[in-house]
Protein chains: 2
Amino acid sequence: MLFSAFVKMEERPVFHKGAMTDKISPTIEDYLMILFILQRDGEAVQGVRLAELLGVSPPTVTNTLKRMVRDGLVSMDSPHGPHLTDPGMAAARTVMRRHMLTEWLLSRMLSWSKVHLQAHEIEHAISDELEAALIADLNHPTTCPHGNPLPGFEDLAADWVSLVNLRPGDEVVIRRIHELAEEDSQLLHFLEEKSVVPGSPARVVEVLPFNQTVTLEVHGQAVTLGFAAAQQVFAERLAPQTA
Amino acid sequence: MLFSAFVKMEERPVFHKGAMTDKISPTIEDYLMILFILQRDGEAVQGVRLAELLGVSPPTVTNTLKRMVRDGLVSMDSPHGPHLTDPGMAAARTVMRRHMLTEWLLSRMLSWSKVHLQAHEIEHAISDELEAALIADLNHPTTCPHGNPLPGFEDLAADWVSLVNLRPGDEVVIRRIHELAEEDSQLLHFLEEKSVVPGSPARVVEVLPFNQTVTLEVHGQAVTLGFAAAQQVFAERLAPQTA
DNA sequence: CATATAAATTAGTGTATACTAATTGTGAAA
DNA sequence: TTTCACAATTAGTATACACTAATTTATATG
Ligand SMILES: [Fe+2]
Ligand SMILES: [Fe+2]
Ligand SMILES: [Fe+2]
Ligand SMILES: [Fe+2]
């Protein structure tokens with residue numbers, strides 16, 4: 001009806017999946033990110049670990065890794081388990097970057113503790129063009145809102161130490177909550193509440209290895225973290241004041 | 001390595017697909033949107049049309065529609081072809097709204113002619129929570145950047161007429177480029193270049209049915225549109241000045 | 001009504017992604 | 001070295017989504 005009496009619109013696909021380049025699927029992108037993080041941190045890369053982190057069964061991992069090897073993203077040669085090839089690494093860095101840029105975008109309207117989960121969905125839908133626009137719009141960020149360095153800026157984090165490695169009396173600035181901890185929205189919400197977020201100055205009150213806790217004072221408030229959490233939080237140690 | 005000597009982080013899936021609610025897939029969401037648009041405009045809803053608009057083969061449509069019927073999103077009872085059930089309509093309105101909200105979000109960093117294509121990818125990754133945050137952040141928009149009304153605001157567009165229905169001398173304000181035309185990035189880029197965008201005042205110079213063209217003057221510049229394009233552009237007629 | 005055209009569906013395939021159950025490897029401890 | 005625990009893989013299955021080729025159903029038109 002309507003105006004079809006006049007002209008018939010050119011019948012081109014209107015809503016269609018981009019099938020130009022054999023685009024990497026969200027699933028594979030998630031594998032790439034996990035592999036990237038484990039490799040970057042020098043952690044062991046074993047199938048079970050991937051299965052746990054990705055929330056799938058071990059056979060699924062075996063299967064998917066095979067496809068990734070077939071597609072040249074992953075290599076199995078090393079005895080240390082599967083690892084990213086050059087193209088795989090490049091793809092992984094791109095997804096990581098897009099995840100982080102998306103987090104900054106979302107942080108304009110969602111709270112710090114919620115952007116990661118949202119970004120994890122959206123990251124797979126960012127195009128080259130949008131990525132470039134985001135980088136410009138965000139003024140070339142070097143970390144994500146949680147302080148994790150963008151690929152290529154790992155040096156930034158070189159001197160940041162995990163809270164479990166601090167000693168009572170240390171004066172620090174909170175710098176980073178590790179990627180693998182970002183998924184725990186409860187933890188993130190707690191950290192946000194307590195101002196244990198990048199940029200916050202903090203003083204180490206006590207470290208109790210037998211109790212597996214670290215207590216900080218942040219903005220005049222005491223916060224006690226269990227080692228499991230504290231391990232994932234990194235801080236920059238301030239040079240002791242010459243007083 | 002690293003700190004694994006201390007504590008082993010709780011092994012919870014970190015990067016995983018949400019499998020809580022049987023979430024509607026991007027594919028199905030795209031079907032829902034097309035069905036919504038065709039139904040809203042009172043256009044015939046036939047499989048071939050869907051196949052063309054979605055860029056898939058007719059058997060794929062048959063197949064997918066069956067799944068949608070099975071899932072209660074589409075009904076086949078009516079003789080006028082497949083149509084959305086109440087749950088299907090609700091889901092369709094949600095996706096449409098998210099698409100449009102995403103367009104506004106992206107319009108902060110991408111040009112008007114490019115936001116639709118990008119939004120078409122991202123729309124499927126917007127959560128309830130982000131949607132709410134977007135609506136607030138965008139100050140409750142009632143149309144998309146191309147002037148299409150959000151679901152529930154169709155009345156807004158009731159008086160807007162297609163350019164092909166205008167007569168020489170008409171003074172109008174451009175209000176809307178129809179959804180089905182948004183996909184044509186070349187056309188959109190052309191319209192943007194010529195300021196044929198929502199909000200622009202225009203005067204109809206001539207309408208040549210035999211030539212299938214409409215010529216406008218926008219911002220002092222003449223623009224000639226073919227009927228196929230003009231059909232998809234809607235304008236608000238201004239009451240003639242009492243002069 | 002008969003038939004040409006268009007639309008829809010069947011039938012048969014293929015890939016990606018997941019699962020469970022069962023089997024095979026592997027390294028470490030006894 | 002034997003065995004146990006854990007890791008990895010194989011085997012078999014399932015669903016979503018796509019395709020081509022062939023067939024069936026409608027529609028329309030003379
Ligand atoms: Fe993140
Ligand atoms: Fe993801
Ligand atoms: Fe759009
Ligand atoms: Fe879409």
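Atom set for the values below is all heavy atoms of this structure, side chains included, hydrogens, waters and symmetry mates excluded. Predicted model, so just to flag it, every value in this text is computed and none were measured. Each chain gets a letter, A, B and so on, in the order its sequence line appears, and its residues count up from 1.
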Please tabulate, one pair per line, each protein N/O and nucleotide N/O from nucleotides 25-28 of chain D that are separated by under 3.5 Å, including the distance.
none

Any donor-acceptor N or O pair under 3.5 Å, side chains A:His99, A:Glu103
yes
Set of side chain to side chain donor-acceptor pair (under 3.5 Å) partners for B:Thr94, sequence neighbours left out
B:Arg97
Output all residues satisfying side chain to side chain donor-acceptor pair (under 3.5 Å) with B:Asp128, sequence neighbours left out; order by chain, then residue number.
B:Arg98
Quick one, B:Glu52 with B:Arg49, criterion side chain to side chain contact (heavy atoms under 4.5 Å, CB included). Give me CA distance, side-chain angles, the key distance, then yes/no.
CA-CA 5 Å; B:Glu52 281 161 350; B:Arg49 191 79 203 291; 4.1 Å; yes
When all nucleic acid strands are considered with a 4.0 Å heavy-atom cut-off, which category describes A:Thr64: base, sugar-phosphate, or nothing?
nothing
Between A:Ser57 and C:dC19, is there a side-chain N or O to OP1/OP2 distance below 4.0 Å?
yes
Heavy-atom donor-acceptor pair, B:Glu123 side chain to B:Thr102 backbone, under 3.5 Å
no
Length of the line joining A:Asp30:CG and C:dA16:P, which is rounded to integer Å:
17 Å
Can you name the closest pair of heavy atoms from B:Ala230 and B:Val164 and give their distance?
CB-CG1, 3.7 Å
Just how far, in rounded Å, is P of C:dA18 from CG of B:Asp22?
16 Å
How long is the line joining CG of B:Leu73 and P of D:dA16, in whole Å?
12 Å
What residues from residues 78-87 of chain B pass a heavy-atom cutoff of under 4.0 Å to DNA chain D?
none
Sequence neighbours excluded, which residues qualify as ring-ring contact (aromatic ring centres under 6.0 Å, His included) partners of B:Trp112?
B:His146
Taking the side chain from A:Glu131 and the backbone from A:Glu129, do they hold a donor-acceptor pair closer than 3.5 Å?
no
Phosphate OP1/OP2 of C:dT15: any A:Arg70 side-chain N/O under 4.0 Å:
no
Exam field: side chain B:Trp104 to backbone B:Thr143, donor-acceptor pair closer than 3.5 Å
yes
Do any N or O atoms from the side chain of A:Gln212 and from the backbone of A:Pro209 form a donor-acceptor pair under 3.5 angstrom?
yes
Between the protein and nucleotides 5-11 of chain C, which nitrogen or oxygen pairs come in under 3.5 angstrom?
residue, atom, partner, partner atom, Å
C:dA8, OP1, B:Gly47, N, 3.4
C:dA8, OP2, B:Gly47, N, 3.2
C:dA8, OP2, B:Val48, N, 2.8
C:dT9, OP2, B:Thr62, OG1, 3.1
C:dT10, OP2, B:Lys66, NZ, 2.9

